[in-house]
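Structure record follows, encoded as structure tokens.
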Amino acid sequence: MPQNKSSWSHWKLLTKNGRQVWAYKPTTDDIDAHLDNTQDFSEQEGLAFAEDFLFNRQPTPSSGDKVFRQQAIQKNASRYRGKKPVSEDKQEQLLIDSLIKGMHYFSQLQSEEGHWPGDYGGPLFLLPGLLIAAYISDTPFPKPHQQMMKIYLFNHQHIDGGWGMHMEGEPAVCGTVMQYVSLRLLGVAKEDERLQKASAWIKENGGAASIPSWGKFYLSLLNLYHWDGFNSLFPEMWLFPEWLPVHPSRYWCHSRMVYLPMAYCQAHRIQMPENDLILSLRKEIYNEDFDSINWAKQRDRVCEKDCYTTQSPVLKWMNLFTNGYEKIRPQWLRKKATDYLLKYINAEDAQTEYLDIGPVSKAINSICVWHAYGKESEQFKKHVARWYDYLWVAEDGMKMSGYNGSQLWDVAFTTRAMLESDLGLLFPETINKSYQFIDNMQILTEHETHQEFFRHPMIGSWPFSTAEQGWPVADCTAKGLSATLAIQKTGLFKTSISDERIKQAVDVILSYQNKDGGWPTYELSRSPKWLETLNPSEIFADIMIDYSWTECSAACVIALLEIQERDPDYKNQQIRLAITQGLQYIIQQQKQDGSWYGGWAVCFTYATWFAVEALVQGADYIESEPRKNSINKACHFLCSKQMPDGGWGETYESCAKMVYTQAKTSQVVNTAWALLALQAADSTEKEVIQRGIDLLLQRQLENGDWAQENISGVFNYNCMITYSSYRNIFPIWALNRFYQHKRY
Ligand code: LAN
């Protein structure tokens, strides 16, 4: 175990009902008082930070979440005591020891209220958004936070001076310009050698004008780019009739909620006044003289290194129209549009307790609210208070998380992993707390403005993070339900999750099934696929509507199968039909080689595990031949990808290229997914499974943890995100399944 660096202990994680805030030298555990003690911060303390949080991006840029984990273990060291079962079989004893050690270690990381806090970083375009909001609104972060952010940004700089869009990605203009500007806003001098290198990198790669559109947006806010160089977002579109397929209410909720405040900012042309820093930055990030740039010509200019998708001809035509419209737009109509945008922004803030659906809209909504109501307004203060819910401290510094956490999701998985065999019951306190947490996170009410703002029915659903964030997710509801059913099956624990609430969850799952038989993420697919031709982001694919996904579908099918088993009378016909159609959808998604593409984690091993699990459990619901063929092909695929050391390993490139891309070394998380699938399918390749299990056992550390390896989450094909608990949850689950299978 590496040494605890002394200034790590100045940061303390405060939690309350799933809410997580890092406080600097807090004097109380009251989460709302976390900023009380941040005034005195000496230069020396800053230097100590720089030393203690120096981080090496090799062998992996993902943090091991050591700051949090060491604190939790110190605090909970004696809380859990597993009694160890004894086996005559030496191999089995090894397995038992490893599982107990793994679960014991992981239990120590559980918060008082039952969840597993963790690093949810990865994307590098998030913190800059928040820093821009802080700068424009003149609401700087406290000094210790600023210092930690600087450290983080420098820790992830590549040797050539650039930054990628996410931690593992190759340097590109978006990442580099955004981090460069952030560091300057944080007060780093342009003479700093690292920044000199970054500035040179930017200039060599075409300068800041070749940044993708999201970057153009942020730079326009800072007055480092001109709004004339930004394709109009046509704010009046929000006034269209709702039945039109292009009405924004039909977009994927994340796109909707990002383009909403973006449109507000563009309509008002919000712009930082010029100052010395801005004037200097204009020279530091451009090759051209800023004042002589022809902005209209920069609208579609994007560096090749950044391009993941290209503009469709339809979008080009639309831009021509909307940009032209900007010159003739009637003022009254613009006002009507921006009034509506602001009303919608207010509703989203209220519905989510100012957390908002995600980190991008969180920052931009803050700017809109500041613009509309001012720095001293209640609304803006509420926004600022929630900035901290998105900040996370790890050994690489302070980052902005990809969400306000992955609380419910991790608890649900952990529960299933532990209860795979009765060894999990040796940790009753852990299971009990998880159950209380799941209980508290179920969404039981809808907001007054629910329907007005196009929200999907959500009573009985579960979110990905916390109930107060309040966005229901189809597969999170499924996982919340599966975990609940698994706990209830033991008959040992009590919460207020009644049969009534279980039925509500089932109804939500049913309500989420798309016409194609699959399940989406947050909302049904509300428009045809052709809407994707209007995707204006050059860095993400498939963001315009909410599509069906293999993993989401499998999770929902599995939960429905479980409820059928427990309560076959409840909506029997409807559920049976939903399951059959879901399984058919899954089979249709299978690739020629037997694998499935995973949209939310890396990558083929992930989705293949989900699909196999659903197909195995759904034996009675579809024809046996195609089902068996599909499972066999999947096993064959997985066996063919086993690496010489017995493990499996994919890199993030699998996601972007959509082709299985093997990592240099095997990865415990991929290995666990492959093993879970092969065991679920009862594969005859026992040797393959044994070698995989051996690898997981060997890789386990002395304290029961596994080391952090490659990044394992993804979104929109092209951006990676850290799931810091996966390295524990999935090895435990795969080993637990092996233990369970061995005994029967
Ligand atoms: C998530 C995280 C969880 C994830 C699963 C539940 C794992 C998945 O099965 C369904 C999709 C979902 C809910 C998901 C969607 C996209 C999210 C919200 C994220 C990956 C977390 C961050 C990401 C969000 C879009 C990041 C902000 C960036 C933008 C491009 C707006």
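Heavy atoms only: backbone and side chains are in, while hydrogens, waters and symmetry mates are out. We count ligands from 1, going down the list as the structure has it; atoms in each ligand are counted the same way.
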*Using the six-membered ring of Trp238, assess whether NZ or CZ of Arg256 lies under 6.0 Å from its centre and within 45 degrees of the ring axis.*
no
_Quick check against the 3.5 Å criterion: does Ser63 have a side-chain atom that pairs as donor or acceptor with the backbone of Ala394?_
no
*asked:* Between Glu446 and Met458 (side chain of the first, backbone of the second, donor and acceptor by atom type, cut-off under 3.5 Å), is there such a pair?
replied: yes
How close does the nearest protein non-hydrogen atom get to [atom], and which residue and atom is it?
| atom | answer |
| --- | --- |
| atom 22 (C) of ligand 1 | Gly402 O, 3.3 Å |
| atom 10 (C) of ligand 1 | Thr521 CG2, 3.6 Å |
| atom 3 (C) of ligand 1 | Phe464 CE1, 3.3 Å |
| atom 17 (C) of ligand 1 | His254 NE2, 4.2 Å |
| atom 7 (C) of ligand 1 | Trp409 CZ2, 3.6 Å |
| atom 5 (C) of ligand 1 | Asp475 OD2, 4.1 Å |

*To which of Tyr120, Phe715, Trp600, Trp549 does the heavy atom nearest atom 15 (C) of ligand 1 belong?*
Trp600
I'd like to check which ligand 1 atoms, numbered from 1 as shown, lie under 4.0 Å from a non-hydrogen atom of [X].
| X | answer |
| --- | --- |
| Phe540 | 30 (C) |
| Val258 | 31 (C) |
| Cys476 | 6 (C) |
| Tyr723 | 2 (C), 3 (C), 7 (C) |

_Under a 4.0 Å threshold between the charged nitrogen and the carboxylate oxygen, would Asp439 count as salt-bridged to Arg501?_
yes
*Can a salt bridge be assigned to the pair Asp356 and Arg386 using a cut-off of 4.0 Å between side-chain N and carboxylate O?*
no
Classify the ring geometry of [X] against [Y]: parallel below 30°, tilted from 30° to 60°, perpendicular beyond 60°.
| X | Y | answer |
| --- | --- | --- |
| Phe230 | Phe217 | tilted |
| Phe454 | Tyr344 | tilted |
| Tyr606 | Tyr726 | parallel |

*Do any heavy atoms of Trp519 fall under 4.0 Å from ligand 1?*
no
